[in-house]
Engineer: 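Dumping the structure here so I can ask a few things about it.
So that the names make sense, note that chain A is the first sequence line, chain B the second, and so on, each numbered from 1.
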Number of protein chains: 2
Amino acid sequence: MAVKEKGPYRCPVEVAFDFISGKWKSLIILCIAYDKVRYSDIKACLSTISPHILSHQLKSLESDGLIVRTQYGEIPLRVEYHLTEAGLKLLPILGSLGSWASAYYPDQIPHSTLQNCRRFFSGDSSDDFCWNH
Amino acid sequence: MAVKEKGPYRCPVEVAFDFISGKWKSLIILCIAYDKVRYSDIKACLSTISPHILSHQLKSLESDGLIVRTQYGEIPLRVEYHLTEAGLKLLPILGSLGSWASAYYPDQIPHSTLQNCRRFFSGDSSDDFCWNH
DNA sequence: CTGCATCCTACTCGATACTG
DNA sequence: CAGTATCGAGTAGGATGCAG
């Protein structure tokens, strides 16, 4: 895949949205969050994502400097992803966005999901890395 | 235009991104910001947007409850847009995203633009409603 | 002035099967 | 396990012209 030409941008907000907007990217970032997670973990977390799309989004996030891919020379293959500092600093902002949506569009948010996402709004970093485990 | 079916969502963050992601929506929200602005003002602010797309995005933002459209019975037609409370509450979050992008991707951000966007990061609400005036 | 109608392109997203 | 190949659908975004 040829890397899409970025910019020129007219506003920092435009830059941010070009990096993290889309159906899956923000969810993938939340899914990785504070841990090192494997491809299959993310796949299980976002159950309806296709492997093709997940792979594509991970590559895009990696090339944008939001996540790091680490491959170990083991059989079977083991690959882990974790957030860069930029990615980590994004987490509280995503939390703010989630709080904002919860406040103004509560009808859109299933109750069972709210609880699982709560740690992103409180800053807690418990070890269940995915909200629907 | 038939209203697109929303959800079901699994996370508040997903809701937020469904409402504000895309090439133009965040910029339009910033463009409106704290004032009542007219269609032609937004058009001038986002010089490269086509009228069709601007109209489409404004409708989407209105149906999502982020902006309010007010039409006056004048000739020539006068229409003003302003943010709802939900839209206003989004501004500081967009500011955080802008600051985040400025911190980690400074190369992507033209210097001349930074200054014009600054008020969104400091909370200033001066009366030049658009950053490239 | 403020859009809408039409036609079009390009990119995002996806289902399924298959591979190192 | 961690992806890639292939084919394809849907949608965001765009150019141009026209209307109330």
Engineer: In terms of side-chain heavy atoms, does Glu80(B) have a donor or acceptor partner in Tyr72(B) at a distance below 3.5 Å?
Structural biologist: yes
Engineer: When you measure from the side-chain N and O atoms of Arg38(A) to the phosphate of dA2(D), is any distance below 4.0 Å, counting only OP1 and OP2?
Structural biologist: yes
Engineer: Counting only side-chain N and O atoms of Lys23(A), is one of them less than 4.0 Å from OP1 or OP2 of dG14(C)?
Structural biologist: yes
Engineer: How many whole angstroms separate atom CD of Glu62(A) from atom P of dA2(D)?
Structural biologist: 15 Å
Engineer: May I ask you to verify if any side-chain N or O of Trp24(A) is less than 4.0 angstrom from the OP1 or OP2 atom of dG14(C)?
Structural biologist: yes
Engineer: As a quick check of understanding, evaluate side chain to side chain contact (heavy atoms under 4.5 Å, CB included) for Ile42(B) and Leu58(B), giving each step before the final call.
Structural biologist: CA-CA 10 Å; Ile42(B) 307 174; Leu58(B) 286 170; 4.1 Å; yes
Engineer: I need the CD1-C1' distance between Ile20(B) and dA12(D), as an integer number of Å.
Structural biologist: 17 Å
Engineer: Can you find a side chain N or O atom of Gln57(B) that sits less than 4.0 Å from OP1 or OP2 on dG13(D)?
Structural biologist: yes
Engineer: Is the shortest side-chain N/O distance from Lys25(A) to OP1 or OP2 of dT12(C) below 4.0 Å?
Structural biologist: no
Engineer: In whole angstroms, how far is the C1' atom of dC4(C) from the NZ atom of Lys43(B)?
Structural biologist: 15 Å
Engineer: Can you check the Tyr81(B) OH to dT2(C) P distance for me, whole Å?
Structural biologist: 9 Å
Engineer: Show, in sequence, the C-alpha distance, side-chain angles and deciding distance for Ile28(A) and Leu54(A), and conclude whether the side chain to side chain contact (heavy atoms under 4.5 Å, CB included) test is met.
Structural biologist: CA-CA 9 Å; Ile28(A) 291 172; Leu54(A) 178 53; 3.8 Å; yes
Engineer: What do the steps show when you test Phe17(A) against Ile20(B) for side chain to side chain contact (heavy atoms under 4.5 Å, CB included), and what is the final call?
Structural biologist: CA-CA 9 Å; Phe17(A) 271 89; Ile20(B) 63 175; 3.7 Å; yes
Engineer: Quickly work out the Ile75(A) CD1 to dA2(D) C1' distance and round it to whole Å.
Structural biologist: 11 Å
Engineer: Quick check for you: among dA17(C), dG3(C), dC1(C), whose closest atom lies nearest to any side-chain atom of Pro51(A)?
Structural biologist: dA17(C)
Engineer: Reading DNA chain D from 5' onward, which residue's closest nucleotide shows up sooner: Gln71(A) or Ile49(B)?
Structural biologist: Gln71(A)
Engineer: Within the side chain of Ser21(B), is there an N or O that forms a donor-acceptor pair under 3.5 Å with the backbone of Asp18(B)?
Structural biologist: no
Engineer: Quickly work out the His52(B) NE2 to dT2(C) C1' distance and round it to whole Å.
Structural biologist: 15 Å
Engineer: Would you please confirm or rule out a distance under 4.0 Å between OP1 or OP2 of dG3(D) and any side-chain N or O of Arg69(A)?
Structural biologist: yes
Engineer: Can you tell me how far SG of Cys31(B) sits from CD1 of Ile29(B), rounded to the nearest 0.5 angstrom?
Structural biologist: 11.0 Å
Engineer: Does a side-chain N or O from Ser40(B) land closer than 4.0 Å to OP1 or OP2 of dC1(C), or not?
Structural biologist: no
Engineer: If the helix axis at each end comes from five base pairs, how far does the helix from dC1(C)-dG20(D) to dG20(C)-dC1(D) deviate from straight, to 10°?
Structural biologist: 60°
Engineer: Expressed as a whole number of angstroms, how long is the span from Leu46(A):CG to dA15(C):P?
Structural biologist: 13 Å
Engineer: Would Trp100(B) and Val15(A) count as a side chain to side chain contact (heavy atoms under 4.5 Å, CB included) if you check the C-alpha gap in whole Å, the side-chain angles of each, and the deciding distance to 0.1 Å?
Structural biologist: CA-CA 10 Å; Trp100(B) 172 83; Val15(A) 179; over 6 Å; no
Engineer: Nearest to the side chain of Leu77(B) - dG3(D), dA15(C), dG20(D)?
Structural biologist: dG20(D)
Engineer: Does a nitrogen or oxygen in the side chain of Ser55(A) sit under 4.0 Å from OP1 or OP2 of dG3(D)?
Structural biologist: no
Engineer: Tell me yes or no: between the side chains of Tyr104(A) and Glu85(B), is some donor less than 3.5 Å from an acceptor?
Structural biologist: yes
Engineer: Rounded to the nearest Å, what distance is computed from the CD1 atom of residue Ile53(B) to the P atom of nucleotide dC4(C)?
Structural biologist: 12 Å
